[in-house]
Engineer: 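Following this message is one structure expressed as structure tokens.
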Amino acid sequence: MWIYLNDRFVDDANAMISVFDHGLLYGDGVYETIRSYGDQIFMRDEHLDRLRRSADAIGLRVPVAEDDWPALLNEAMQRNDVGNEQIDAYIRITLSRGVGDIGLDPALCPTPTVIVMTKPLSPPPPHQYQSGVDLIVAKTRRNYPGALDPQIKSTSFLNNILAKREAIAAQAFDSLLLNWESHLAECTVSNLFFVTNGRLRTPSLACGILDGITRRIILSLAREEAIRVEEGAYTLDQLVQADECFLTNTTMEVMPVTSVNRGPLGTGKPGPLTRRLHQIFVTNRPRFLQA
Ligand code: PDD
């Protein structure tokens, strides 16, 4: 496997970073997970934009020029024989503060570390889309935006990992995290939607969530279809009493949720609006691909 590390492609045996990298020492870095459909990258520029926004928020310079990213991502796919007609690509970009002496001052690290990894994308198994997945509500709360804003896609991922550990212990698909006010926030790697009386609802960005790129697309496609859409602050009770629920992210697209905290949600089967929105997403996907 070829990995782009700082300024060149190296094979995985040589893809080493220093123990002084502040990404390792302090979780001081940002990342993006991107995917391709065939050789086309889904919402490439939006992901690169979010990477830049995350980097800006922590005062980190992106060491790759904007115009150089498309060719770099294409080479990263081609070298590993992914992102072609046979195999969709999973692409992970990581930027860290870089190598420097121990200490919090970012000035200790003159050069950011940049890593681009690609591999075959493994989508969730079909049975999860057919039956829906189950969530538990984590005891771990989503990060308070005034402390570490979830809109920064940070490599400090312990908040999400602690919630994931709770899901694993409960043998659930994933954890739903509430925010500091006990409002619904998001899951460990996805955004949350639910449907009540035909209205599509999702926690607003002000609830302290990642501005998910799939979330944005679902919101705009739903509006195009004249589906009533609301972004707001919602309680767990509102979710439990909802008719349908689903999750969105880059690799899952639209994943139905059919159970929360062991109780069935709605009919206990993937809902009609969930299925319709996934279908609309798939039909419109070509609009969001970039070569
Ligand atoms: N996760 N919320 C969180 C906390 C996430 O980490 C992600 C993405 C999302 C969905 O964002 P998008 O639609 O842009 O993929 C929401 C990716 C898949 C990851 O961490 O690997």
Side-chain angles (χ1 to χ4, degrees), residues 23 27 29-37 41-54 57 88-96 115-124 128 133 135 137-138 140-145 147-167 173-180 183-194 202-222 231 245-255 257 277-278 281-282 284-285 288-290:
V30 294
Y31 81 99
E32 277 298 317
T33 300
I34 317 180
R35 69 163 291 169
S36 82
Y37 293 89
I41 297 179
F42 181 70
M43 297 291 276
R44 182 194 65 207
D45 292 350
E46 288 75 7
H47 278 282
L48 292 171
D49 258 10
R50 189 169 66 190
L51 182 72
R52 193 168 341 97
R53 289 202 305 277
S54 295
D88 295 341
Y90 177 102
I91 306 168
R92 156 96 186 203
I93 303 175
T94 310
L95 284 185
S96 86
I115 303 166
V116 180
M117 298 151 112
T118 56
K119 62 173 188 170
L121 181 101
S122 39
Q128 292 184 335
V133 296
L135 301 179
V137 177
T140 306
R141 294 297 172 107
R142 190 68 177 110
N143 279 333
Y144 174 58
L148 176 55
D149 191 344
Q151 291 210 44
I152 302 171
K153 200 155 171 49
S154 154
T155 56
S156 304
F157 222 53
L158 261 184
N159 180 219
N160 314 50
I161 290 165
L162 294 177
K164 183 72 185 178
R165 290 189 73 231
E166 292 188 52
F173 174 77
D174 200 5
S175 278
L176 166 62
L177 291 94
L178 305 179
N179 72 8
W180 71 102
H183 289 134
L184 306 173
E186 59 185 340
C187 290
T188 63
V189 287
S190 60
N191 291 114
L192 177 82
F193 285 81
F194 62 101
T202 193
S204 65
L205 298 182
C207 292
I209 59 170
L210 183 73
D211 182 1
I213 286 167
T214 322
R215 172 185 181 278
R216 263 196 246 164
I217 290 191
I218 289 295
L219 285 174
S220 74
L221 291 174
E231 295 176 70
C245 175
F246 62 88
L247 309 177
T248 60
N249 81 10
T250 294
T251 51
M252 297 191 295
E253 301 180 339
V254 173
M255 176 61 75
V257 173
L277 281 166
H278 197 180
F281 179 88
V282 171
N284 284 276
R285 221 163 45 196
F288 307 116
L289 302 180
Q290 288 168 306

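Read the numbers this way: they start at 1 and go in the same order the structure lists the ligands and their atoms. In what follows, every heavy atom counts, from backbone to side chain, and hydrogens, waters and symmetry copies are set aside.
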Engineer: Around atom CE of M117, are there more than 12 heavy atoms from other residues, nucleotides or ligands closer than 6.0 Å?
Structural biologist: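 Counting other residues, nucleotides and ligands, CE of M117 stays at 12 neighbours or fewer.
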Engineer: Do K153 and Y31 have a side chain donor and acceptor closer than 3.5 Å?
Structural biologist: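 Y31 and K153 do have a side-chain donor-acceptor pair below 3.5 Å.
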Engineer: Counting both backbone and side chain atoms, is some N or O of L210 under 3.5 Å from an N or O of ligand 1?
Structural biologist: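 Checking ligand 1 against L210, no N or O pair falls under 3.5 Å apart.
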Engineer: Which atoms of ligand 1 sit under 4.0 Å from any heavy atom of E186?
Structural biologist: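 The list of qualifying atoms is 2 (N), 3 (C), 4 (C), 16 (C).
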Engineer: For R142 and N159, test the side chains for any donor-to-acceptor distance below 3.5 angstrom and give the result as yes or no.
Structural biologist: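 Yes, N159 and R142 have a side-chain donor paired with an acceptor closer than 3.5 Å.
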Engineer: Look at the side chain of E253 and the backbone N and O of T248, then say whether any donor-acceptor pair between them is shorter than 3.5 Å.
Structural biologist: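 Absent.
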Engineer: Of the side chain and backbone of F42, name the one, both, or neither that has a heavy atom under 4.0 Å from an atom of ligand 1.
Structural biologist: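 It is neither; nothing of F42 touches ligand 1.
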Engineer: Tell me whether ligand 1 is touched by M43 - counting only heavy atoms on the residue side and a distance under 4.0 Å.
Structural biologist: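 Judged by the 4.0 Å heavy-atom criterion, M43 does not count as contacting ligand 1.
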Engineer: Which residue owns the protein heavy atom closest to atom 9 (C) of ligand 1, what's the atom, and how far is it?
Structural biologist: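 Minimum-distance protein heavy atom for atom 9 (C) of ligand 1 reads V189 O, 3.5 Å.
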Engineer: Run the numbers for me: atoms of ligand 1, each under 4.0 Å from some heavy atom of F157, listed by number.
Structural biologist: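 The atoms of ligand 1 under 4.0 Å from a heavy atom of F157 are 6 (O).
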Engineer: Taking the six-membered ring of Y37 (Phe, Tyr or Trp), confirm whether the NZ or CZ of R35 is under 6.0 Å from its centre and within 45° of its axis.
Structural biologist: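 Cation-pi check for R35 and Y37: passes.
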Engineer: Under 4.0 Å from a heavy atom of R50: give me the atoms of ligand 1 that qualify, with their elements.
Structural biologist: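 What qualifies from ligand 1 is 11 (O), 14 (O).
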Engineer: Decide whether an N or O pair under 3.5 Å exists between N249 and ligand 1.
Structural biologist: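 Such a contact does not occur with ligand 1.
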Engineer: Taking atom CZ of R52 as the centre, does the number of heavy atoms from other residues, nucleotides or ligands within less than 6.0 Å exceed 12?
Structural biologist: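 Atom CZ in R52 is packed in, count exceeds 12.
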Engineer: Can you name the atoms of ligand 1, numbered from 1 with element, that are less than 4.0 Å from a heavy atom of N160?
Structural biologist: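 Heavy-atom distances to N160 below 4.0 Å select 4 (C).
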Engineer: If we ignore hydrogens and angles and just use 3.5 Å, is the side chain of N160 paired with the main-chain N or O of V189 as donor and acceptor?
Structural biologist: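 Here the side-chain-to-backbone pair does not exist.
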Engineer: Please indicate whether any nitrogen or oxygen in Y31 is less than 3.5 Å from any nitrogen or oxygen in ligand 1.
Structural biologist: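 In this structure, Y31 places an N or O atom under 3.5 Å from an N or O of ligand 1.
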Engineer: Hey, is OH on Y144 packed in by over 12 heavy atoms from elsewhere, all under 6.0 Å?
Structural biologist: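 Counting other residues, nucleotides and ligands, OH of Y144 stays at 12 neighbours or fewer.
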Engineer: With a 3.5 Å cut-off and no angle check, do the side chains of N249 and T214 form a donor-acceptor pair?
Structural biologist: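 There is no such pair between these side chains.
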Engineer: Is T251 close enough to touch ligand 1? Criterion: a residue heavy atom under 4.0 Å from a ligand atom.
Structural biologist: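 Heavy atoms of T251 never come under 4.0 Å of ligand 1.
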Engineer: Ignoring hydrogens and angles, tell me if any N or O in the side chain of T251 forms a donor-acceptor pair with the backbone of P123 under 3.5 Å.
Structural biologist: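 No, T251 side chain to P123 backbone: no donor-acceptor pair under 3.5 Å.
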Engineer: Would you mind reporting whether I41 and L289 have side-chain heavy atoms less than 4.5 Å apart?
Structural biologist: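 In short, these two side chains do not touch, never coming nearer than 4.5 Å.
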Engineer: Report yes or no: does D211 have a heavy atom closer than 4.0 Å to ligand 1?
Structural biologist: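 No; D211 lies far enough from ligand 1 that no heavy-atom distance drops under 4.0 Å.
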Engineer: Could you tell me the residue and atom name of the protein heavy atom closest to atom 13 (O) of ligand 1, and the distance to it rounded to 0.1 Å?
Structural biologist: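 So the nearest neighbour among protein heavy atoms is T214 OG1, 2.6 Å.
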Engineer: Give the C-alpha distance, both sets of side-chain angles, the deciding distance and a yes or no for salt bridge (charged side-chain N to carboxylate O under 4.0 Å, His left out) between E231 and R215.
Structural biologist: CA-CA 11 Å; E231 295 176 70; R215 172 185 181 278; 2.8 Å; yes
Engineer: Side chain, backbone, both or neither: which part of P150 has a heavy atom under 4.0 Å from ligand 1?
Structural biologist: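 No part of P150 comes within reach of ligand 1.
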Engineer: Identify the protein heavy atom lying closest to atom 19 (C) of ligand 1, giving its residue, its atom name and the separation to 0.1 Å.
Structural biologist: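 Closest protein heavy atom to atom 19 (C) of ligand 1: T33 OG1, 3.3 Å.
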Engineer: Of all the atoms in ligand 1, which lie at a distance below 4.0 Å from a heavy atom belonging to T250?
Structural biologist: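 Result: 12 (P), 13 (O), 14 (O), 15 (O).
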Engineer: May I ask you to list the atoms of ligand 1 that are less than 4.0 angstrom from any heavy atom of T188?
Structural biologist: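 Those atoms are 4 (C), 6 (O).
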Engineer: Can you tell me if R142 contacts ligand 1 (heavy atom of the residue under 4.0 Å from the ligand)?
Structural biologist: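 Yes.
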Engineer: May I ask you to identify the nearest protein heavy atom to atom 11 (O) of ligand 1, giving residue, atom name and distance to one decimal place in Å?
Structural biologist: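 Its nearest protein heavy-atom neighbour is G212 CA, 3.5 Å.
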Engineer: Considering heavy atoms of the protein only, find what lies nearest to atom 17 (C) of ligand 1 and give residue, atom and distance to 0.1 Å.
Structural biologist: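 For atom 17 (C) of ligand 1, the nearest protein heavy atom is K153 NZ, 3.7 Å.
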